[in-house]
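Scroll down for the structure; my scribbles are underneath it.
Residue numbers count from 1 along this sequence. Note that the structure is predicted; figures quoted are calculated from it, not measured.
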Amino acid sequence: MGIDVSLDTPLVATPAWLDRLAVVGGRHDWTWRQLHAASVALAARLPDGATVVNLCNSRAGFLVAWLAALRRGCLQQLPPSSGAAELAAMLAADGEPIVVTDDADALQLPGSDPARCLVFEPRPVAGVPDAALAWSPDFEAPRVELYTSGSTGRPEPQVKTLGQLVRGAQRLGERLATEVDGDWAALRAIVCSVPSQHMFGLETSVLLPLVYGVALLDGRPLLPADVRAAFGRCDGAACWVATPLHLRAQVQSGEVLARCHFVIASTMPLAPALAGEAERLCGAPVLEIYGSTETGAVAMRRTARDASWRPLPGVCIEPSGEGAIVRGAHFRSPQTLADQVEDDGRGGFRLLGRSGDLIKIAGRRASLAGLNLLLQDLPGLTDGVFYLPATGAPGERLILIHAGAPLDRAQAEAWLRARIDPVFLPRAIIRVDDLPRAAHGKLPRHALDAIYDAWRSRRAAR
């Protein structure tokens, strides 16, 4: 299918955009002209058609490396995390990838050949004429390889064309225009708390700016005080790209965000009560995205007031026996997602839970995602997740794994007992220093297995 992107965008370095701000709030501000000029210089250091692993941490560095790889016709790999094990597996699966980073200290590649790493310092390049910056991308060639989160198993690669990614940003932008008062594309900046390498972060912190010309705040604020400070560096209204974990921390801190125009949340289910509290503190709507690495964003809702989701323009979602069948122009279509959905009769749908998410204990069934969503409201819980050991034993029970201050077990069980069937009360509570969440907030299944195995070993030793 042909690309329908306008050629008047920052992506292709058209003159109308070149002198507008692209990245702000870092060591120095960047215009689109400077980003493209730096990408031309970096592209000259890349072999044509190579495989590039983009591990840049700064927003400006990622955009420079992203554009440079596209200009050279490279396949750009975006790892699910920066952990040494995940990177080693990715590098071993490909012949001779080139790791590009703007932070050598953050690079963890045990046993790797330093010659395969390209470390560069993103800095503006002057004196490059407009004609040298303009380019015509190949929109339909495979150019980007993302990875699923691995929350239900091993991360799986998903290859995208630039055209698919651009069309996805267009559909997302069209929906935002109907959900947000005023012209959302006139925002002064996007403040993003998720990494660019994740599908959600890629759509919001890379594709939206490249397609619509919205400036991006450099950095990735995580703590509530950091988020507030980030908004303070924005010259005017900004939006916040966050996960439910960031919103929960914001609500617990009571930090108020000034000049927040709207919030976009994704990567895990968001509780309506939490969304409502976040809206109160931000003074702006909280919009939740439904999607996957396979499809990108496919639906949106304002969680504090809407139980149903509305598909993005051009997207069709319908129930099937295996899950949800999703069709659209910005991904390889159709796709089957492991979520059970129900048509709401008004052009939208409700999520009923994941097909592989239903657990059965003592003859009772429940959605593990639904139980974890309930934990967002558990008093005294900083961060936690229900875990069901994969023993297959008929008498197996749930485990609550959490980080933060110790829980009062009696109080926690009393609170849960009033809201769930007693068979789903945790048999044990395991406290750890930190839950091993990836940068996008999800928990790999193998990491939870390791926590449980270590806990069993300690019990056995005692």
Original post:
What pair of heavy atoms forms the shortest contact from Leu337 to Ser292, and how long is it?
Top reply: CD2-OG, 3.5 Å

**OP:** Verify, without hydrogens or angle tests, whether Ser196 (side chain) and Gly201 (backbone) share a donor-acceptor contact under 3.5 angstrom.
**Re:** no

Subject >> Non-neighbouring partners of Asp306 that pass salt bridge (Lys or Arg N to Asp or Glu O under 4.0 Å), sequence neighbours left out >> reply: none

Original post:
Is there a side chain to side chain contact (heavy atoms under 4.5 Å, CB included) between Arg445 and Tyr387 once you walk through the steps?
Top reply: CA-CA 9 Å; Arg445 170 74 194 195; Tyr387 166 82; 3.6 Å; yes

Subject >> Heavy-atom side-chain proximity of Val251 to Leu281 below 4.5 angstrom >> reply: yes

Original post:
Sub-3.5 Å donor-acceptor pair from the side chain of Asp218 to the main-chain atoms of Gly25, do we have one?
Top reply: no

**OP:** Please name the pair of heavy atoms, one in Arg350 and one in Asp344, separated by the smallest distance, quoted to 0.1 Å.
**Re:** NH1-CB, 3.6 Å

Original post:
Considering all heavy atoms of both residues, which atom of Asp29 and which atom of Val24 are nearest to each other, and what is their separation?
Top reply: OD1-CA, 3.3 Å

Original post:
How far apart are the C-alpha atoms of Val23 and Leu63, what are their side-chain angles, what is the distance that settles it, and do they pass the side chain to side chain contact (heavy atoms under 4.5 Å, CB included) test?
Top reply: CA-CA 9 Å; Val23 181; Leu63 280 167; 3.8 Å; yes

Original post:
How far does OG1 of Thr382 sit from CG of Leu375, to the nearest 0.5 angstrom?
Top reply: 12.0 Å

Original post:
Less than 4.5 Å apart, any side-chain heavy atom of Leu352 and any of Asp339?
Top reply: no

Original post:
So, do Val100 and Leu55 sit near enough that their side-chain heavy atoms are less than 4.5 Å apart?
Top reply: no

Original post:
Sub-3.5 Å donor-acceptor pair from the side chain of Gln197 to the main-chain atoms of Cys56, do we have one?
Top reply: yes

Original post:
Got a donor-acceptor contact below 3.5 angstrom from the Arg259 side chain to the Cys234 backbone?
Top reply: yes

**OP:** Check whether any side-chain heavy atom of Trp17 sits under 4.5 Å from a side-chain heavy atom of Thr31, and report yes or no.
**Re:** no

Original post:
What's the spacing between Arg167 CZ and Thr161 OG1 if we round to 0.5 Å?
Top reply: 5.5 Å

Counting only pairs under 3.5 Å, give me each side-chain donor-acceptor contact of residues 414-423, with atom names and distances, residues two or more places apart or in other chains.
| from | atom 1 | to | atom 2 | distance (Å) |
| --- | --- | --- | --- | --- |
| Arg419 | NH1 | Trp415 | O | 2.7 |
| Asp421 | OD1 | Val423 | N | 3.0 |
| Asp421 | OD2 | Arg364 | NE | 2.9 |

**OP:** Give the intermediate values and the outcome of side chain to side chain contact (heavy atoms under 4.5 Å, CB included) for residues Leu78 and Val144.
**Re:** CA-CA 8 Å; Leu78 306 180; Val144 181; 4.0 Å; yes

Original post:
Is the shortest heavy-atom distance from the side chain of Val315 to the side chain of Thr295 under 4.5 Å?
Top reply: no

**OP:** Under the side chain to side chain contact (heavy atoms under 4.5 Å, CB included) rule, collect the residues that match up with Ala242, sequence neighbours excluded.
**Re:** Trp240, His246, Leu247

Original post:
Ion pair present between Arg327 and Glu318, side-chain N to carboxylate O less than 4.0 angstrom?
Top reply: yes

Original post:
Got a sec: does the CZ of Arg427 have more than 12 other heavy atoms crowding it under 6.0 Å?
Top reply: yes

**OP:** Rounded to the nearest 0.5 Å, what's the gap from CG on Leu207 to CG on Leu172? Could you check?
**Re:** 9.5 Å

**OP:** Give a yes or no answer on whether the side chain of Ser308 reaches the backbone of Gly348 with a donor-acceptor pair at less than 3.5 Å.
**Re:** no

**OP:** Would you indicate whether the side-chain heavy atoms of Val263 and Cys260 approach each other to under 4.5 Å?
**Re:** yes

Subject >> Donor-acceptor contact present, side-chain Ser253 to main-chain Glu255, <3.5 Å >> reply: yes

Subject >> Those residues that, when tested against Arg188, pass salt bridge (Lys or Arg N to Asp or Glu O under 4.0 Å) (two or more places apart) >> reply: Asp235

Original post:
How close do Ile190 and Thr204 get, heavy atom to heavy atom, and via which atoms?
Top reply: CD1-O, 3.5 Å

Original post:
Can you list every pair that meets salt bridge (Lys or Arg N to Asp or Glu O under 4.0 Å) and has a residue in residues 197-215, with sequence neighbours left out?
Top reply: none

Subject >> Side chain Arg248, main chain Gln376, donor-acceptor under 3.5 Å >> reply: yes

**OP:** Quick one: list whatever passes side chain to side chain contact (heavy atoms under 4.5 Å, CB included) with Asp226, sequence neighbours left out.
**Re:** Pro221, Leu223

Original post:
Counting distance only, does the side-chain N/O of Arg175 pair as donor-acceptor with the main-chain N or O of Pro311 below 3.5 Å?
Top reply: yes

Original post:
Do Glu179 side-chain atoms and Arg302 backbone N/O form a donor-acceptor pair below 3.5 Å?
Top reply: no

Original post:
Atom CD in Gln158, atom CZ in Arg332: separation rounded to 0.5 Å?
Top reply: 6.5 Å

**OP:** Supply the atom-to-atom distance Thr243 OG1 to Met268 CE, rounded to the nearest 0.5 angstrom.
**Re:** 5.0 Å

Original post:
So do Ile325 and Ile317 actually touch side chain to side chain, heavy atoms under 4.5 Å?
Top reply: no

Original post:
Is there a side-chain hydrogen bond (donor to acceptor under 3.5 Å, both in side chains) between Thr303 and Glu288 once you walk through the steps?
Top reply: CA-CA 6 Å; Thr303 311; Glu288 186 179 7; 2.7 Å; yes

**OP:** Specify the closest pair of heavy atoms between Gln250 and Val227, including all atoms of both residues, with the distance to one decimal.
**Re:** OE1-CB, 4.2 Å

Original post:
Does any N or O in the side chain of Glu279 come within less than 3.5 Å of the main-chain N or O of Val286, such that one atom is a donor and the other an acceptor?
Top reply: yes

**OP:** Determine the interplanar angle of the Trp66 and Phe62 rings, folded into 0 to 90°, and report it as parallel if under 30°, tilted if 30 to 60°, perpendicular if over 60°.
**Re:** parallel

Original post:
Hey, what do you get for CD (Glu294) to CE (Met199), rounding to the nearest 0.5 Å?
Top reply: 9.5 Å

**OP:** Indicate the atoms forming the closest heavy-atom contact of Ile451 with Pro436, along with that distance.
**Re:** CD1-CD, 3.6 Å

Subject >> Derivation of the side chain to side chain contact (heavy atoms under 4.5 Å, CB included) call for Asp19 and Trp32 >> reply: CA-CA 6 Å; Asp19 293 314; Trp32 290 109; over 6 Å; no

**OP:** Please tell me if the side chains of Tyr147 and Pro79 come closer than 4.5 Å, counting only heavy atoms from C-beta onward.
**Re:** no

